[in-house]
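What follows is one structure encoded as structure tokens, with my remarks underneath.
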Amino acid sequence: MLIVKKFGGTSVGNKERILNVAKRCIEDYQKGNDVVVVLSAMGKSTDELINMAKDINPTPSKRELDMLVTTGEQVSVSLMAMAMGSLGVPAISLNAFQVAMHTTHRYGNAQLKRIDTDRIRNELEQRKIVLVTGFQGIDKFDNVTTLGRGGSDTTAVAVASALNAKHCYIFSDVDGIYTTDPNKVTVAKKLETLSYVEMLDIASEGAKVLHNRCIEVGQKFKIPIITKSTFNNKAGTIIQDKIIEDTKVKSIVKNDNIILVNLKYENYSIQLFNQIYNCLLDNGIILANFINSSIHSLDVSFTMKSVYLNKFQNILETEFKMFNSTFSNISRIAIIGHGIMHDDKILRQTLDILKINELEPISLETNESKIAITFKEKISNSILEQLHTKLIV
Ligand code: ASP
Ligand code: MG
């Protein structure tokens with residue numbers, strides 16, 4: 001059987017951990033399986049490389065930045081090959097160029113187009129463990145690209161799909177997906193299984209578990225994704241599509257890293273609107289919940305991730321000095337599970353909890369698999385706990 005496994009940065013963070021991963025993969029190999037392992041850069045090394053770049057040039061060329069950060073993954077795969085060699089097992093490391101992992105040419109956020117499998121298959125035929133760099137690709141001019149932070153997950157699922165593997169394992173320092181963040185609600189439980197849509201909702205609502213695009217790739221090519229811990233043998237969570245109609249809340253995500261922005265200006269025109277929006281897009285700032293609450297003047301509110309705040313304030317300072325702006329730290333809660341829109345009991349119970357706690361939402365959105373509430377302020381973990389108790393346990 002062919003086994004594809006991906007290990008994250010923490011899992012290969014030092015010599016002992018690299019040897020631990022090597023041993024785990026060798027067990028699969030010695031049972032006669034073909035083994036392909038995708039790795040991220042060790043520990044925090046991608047952040048360190050980015051800091052080195054910014055230290056020498058605060059606005060480095062995107063091409064050179066990709067050239068630099070992809071070295072992190074190359075360190076991991078080559079050390080892993082050496083570790084396996086020291087344990088007497090033949091292994092070979094391959095980078096994106098050697099595999100031929102074709103992407104678009106958008107540096108820093110490229111998309112995978114095609115993965116050649118000849119080289120990997122050749123090495124497997126020679127009974128080697130194949131170690132592939134995650135996160136990186138090459139464009140049509142052989143420039144090195146990256147898939148965006150956390151992109152090794154996407155490499156792994158795409159490699160699994162290109163090789164027709166039965167599923168793709170993603171190993172990290174957490175042992176699966178939980179009913180809510182166990183750091184916020186201690187009674188949170190690990191989920192056995194989730195659909196791709198539910199997992200996408202969980203990831204895009206801010207739970208940092210998997211790279212969003214790996215879930216999309218898994219869904220598109222029907223590759224079940226199994227998330228597990230590198231540090232124990234517990235069963236993980238399987239992400240796959242099963243045809244069952246069970247309306248049930250699977251997970252609740254509370255995101256406290258959101259800023260509510262309000263901009264006011266007496267003149268409103270579509271040109272001005274376009275100008276702001278394009279400028280933010282150029283700077284990679286993504287807005288959500290955009291509303292203009294006045295017809296004749298500009299009075300817009302929207303939310304964005306707090307990581308964008310500094311960059312956004314700089315843009316206002318340099319390009320849109322005329323706006324009156326206010327910023328507040330807020331929370332958003334998303335209740336996720338298939339078909340929950342069709343069960344009004346879930347929405348009623350949620351509204352009851354908001355009422356008891358005298359909370360005012362600024363928006364409430366519902367769709368097939370999600371109820372999402374954005375609040376005017378930061379809300380406590382006790383609200384999350386109350387929702388979790390009522391809707392899940
Ligand atoms: N090393 C890259 C990052 O830190 C890619 C990954 O970890 O998936 O973003
Ligand atoms: Mg990751």
Side-chain angles (χ1 to χ4, degrees), residues 172-210 215 226-229 232 234-240 242 244-258 260 288-289 303 305-306 328-393:
S172 69
D173 48 358
V174 294
D175 54 6
I177 315 299
Y178 279 73
T179 49
T180 191
D181 184 344
N183 297 315
K184 292 178 181 155
V185 177
T186 47
V187 295
K189 283 196 295 222
K190 189 167 61 195
L191 290 156
E192 252 170 58
T193 164
L194 275 170
S195 74
Y196 297 105
V197 170
E198 289 167 333
M199 189 62 230
L200 260 179
D201 278 332
I202 292 174
S204 55
E205 287 293 338
K208 291 185 194 68
V209 273
L210 286 176
I215 309 156
I226 306 173
T227 64
K228 278 167 88 78
S229 166
N232 62 48
K234 291 187 196 153
T237 303
I238 307 180
I239 299 142
Q240 64 188 351
K242 276 207 203 140
I244 28 170
E245 268 207 313
D246 62 336
T247 302
K248 163 156 133 196
V249 176
K250 289 287 182 56
S251 188
I252 310 181
V253 182
K254 173 165 166 276
N255 188 343
D256 298 315
N257 298 314
I258 300 183
L260 173 67
N289 306 306
T303 59
K305 291 185 192 165
S306 17
S328 9
N329 289 302
I330 60 161
S331 302
R332 176 174 161 99
I333 283 190
I335 300 160
I336 293 153
H338 265 298
I340 61 176
M341 192 173 83
H342 304 296
D343 183 351
D344 64 340
K345 197 169 137 221
I346 296 170
L347 188 53
R348 281 179 209 278
Q349 287 176 326
T350 304
L351 292 174
D352 272 351
I353 289 174
L354 301 194
K355 196 173 122 202
I356 297 166
N357 291 279
E358 296 175 3
L359 292 170
E360 277 181 67
I362 51 165
S363 81
L364 193 151
E365 302 142 50
T366 54
N367 70 28
E368 281 301 318
S369 57
K370 176 166 90 178
I371 299 171
I373 307 152
T374 309
F375 295 91
K376 281 188 178 152
E377 57 203 347
K378 266 216 158 84
I379 60 163
S380 71
N381 289 342
S382 125
I383 310 292
L384 181 63
E385 195 158 0
Q386 291 173 45
L387 286 166
H388 189 262
T389 310
K390 191 100 210 166
L391 303 174
I392 300 187
V393 287

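Positions are given from 1, in the same order as the sequence printed here. Just so it is clear, the structure is predicted and the values come from calculations on it, not from any experiment.
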Considering all heavy atoms of both residues, which atom of [X] and which atom of [Y] are nearest to each other, and what is their separation?
{"X": "Ala188", "Y": "Pro182", "result": "CB-CA, 3.9 Å"}
{"X": "Lys190", "Y": "Thr237", "result": "CG-OG1, 3.9 Å"}
{"X": "Ile252", "Y": "Val249", "result": "CG1-CG1, 4.2 Å"}
{"X": "Phe375", "Y": "Ile362", "result": "O-CG1, 4.0 Å"}
{"X": "Val253", "Y": "Ala207", "result": "CG1-N, 4.0 Å"}

Got [X] and [Y] here, is their nearest side-chain heavy-atom distance under 4.5 Å?
{"X": "Lys376", "Y": "Leu260", "result": "no"}
{"X": "Ser306", "Y": "Ile258", "result": "no"}
{"X": "Ile238", "Y": "Glu192", "result": "no"}

Report, as yes or no, whether the 6.0 Å neighbourhood of atom [atom1] on [X] holds more than 12 heavy atoms from other residues, nucleotides or ligands.
{"X": "Glu365", "atom1": "CD", "result": "yes"}
{"X": "Lys189", "atom1": "NZ", "result": "no"}
{"X": "Lys390", "atom1": "NZ", "result": "no"}
{"X": "Lys305", "atom1": "NZ", "result": "no"}

>> Walk me through whether Ile239 and Ile226 qualify under side chain to side chain contact (heavy atoms under 4.5 Å, CB included).
In response: CA-CA 6 Å; Ile239 299 142; Ile226 306 173; over 6 Å; no
To the nearest 0.5 Å, tell me how far [X] [atom1] sits from [Y] [atom2].
{"X": "Asn357", "Y": "Ile383", "atom1": "CG", "atom2": "CD1", "result": "3.5 Å"}
{"X": "Ile371", "Y": "Ile335", "atom1": "CD1", "atom2": "CD1", "result": "5.0 Å"}
{"X": "Leu391", "Y": "Thr350", "atom1": "CG", "atom2": "OG1", "result": "4.5 Å"}
{"X": "Leu364", "Y": "Thr374", "atom1": "CG", "atom2": "OG1", "result": "8.5 Å"}
{"X": "Gln349", "Y": "Asp344", "atom1": "CD", "atom2": "CG", "result": "10.0 Å"}
{"X": "Arg332", "Y": "Ser363", "atom1": "CZ", "atom2": "OG", "result": "6.0 Å"}

> So, the side chain of Asn255 versus the backbone of Asn257: is there a donor-acceptor pair under 3.5 Å, distance only?
Replying inline: yes
>> Can a donor-acceptor pair be found, under 3.5 Å and without considering hydrogens, that links the side chain of Ser172 to the backbone of Val174?
In response: yes
>> Evaluate Lys184 against Asp256 for side chain to side chain contact (heavy atoms under 4.5 Å, CB included), listing each step before the verdict.
In response: CA-CA 11 Å; Lys184 292 178 181 155; Asp256 298 315; 3.9 Å; yes
>> Walk me through whether Ile346 and Arg348 qualify under side chain to side chain contact (heavy atoms under 4.5 Å, CB included).
In response: CA-CA 5 Å; Ile346 296 170; Arg348 281 179 209 278; over 6 Å; no
>> What verdict does the side chain to side chain contact (heavy atoms under 4.5 Å, CB included) test give for Ile330 and Lys378, after you've listed the backbone C-alpha separation in whole Å, the side-chain angles of each residue and the deciding distance to 0.1 Å?
In response: CA-CA 4 Å; Ile330 60 161; Lys378 266 216 158 84; 5.9 Å; no
> When Ile215 is tested against each of Val197, Leu200, Ile202 for side chain to side chain contact (heavy atoms under 4.5 Å, CB included), which residue passes?
Replying inline: Leu200
> Looking at Ile353, Ile392, Ile373, which one forms a side chain to side chain contact (heavy atoms under 4.5 Å, CB included) with Leu387?
Replying inline: Ile353
>> If we check side chain to side chain donor-acceptor pair (under 3.5 Å) with Lys370, which of these qualifies: Glu205, His338, Glu198?
In response: Glu205
> Between the side chains of Thr179 and Ser251, does any donor sit under 3.5 Å from an acceptor?
Replying inline: no
> Looking only at side chains, do Lys254 and Asn381 share a donor and an acceptor under 3.5 Å apart?
Replying inline: yes
> Can you list the steps and then say if Thr389 with Glu385 is a side-chain hydrogen bond (donor to acceptor under 3.5 Å, both in side chains)?
Replying inline: CA-CA 6 Å; Thr389 310; Glu385 195 158 0; 5.6 Å; no
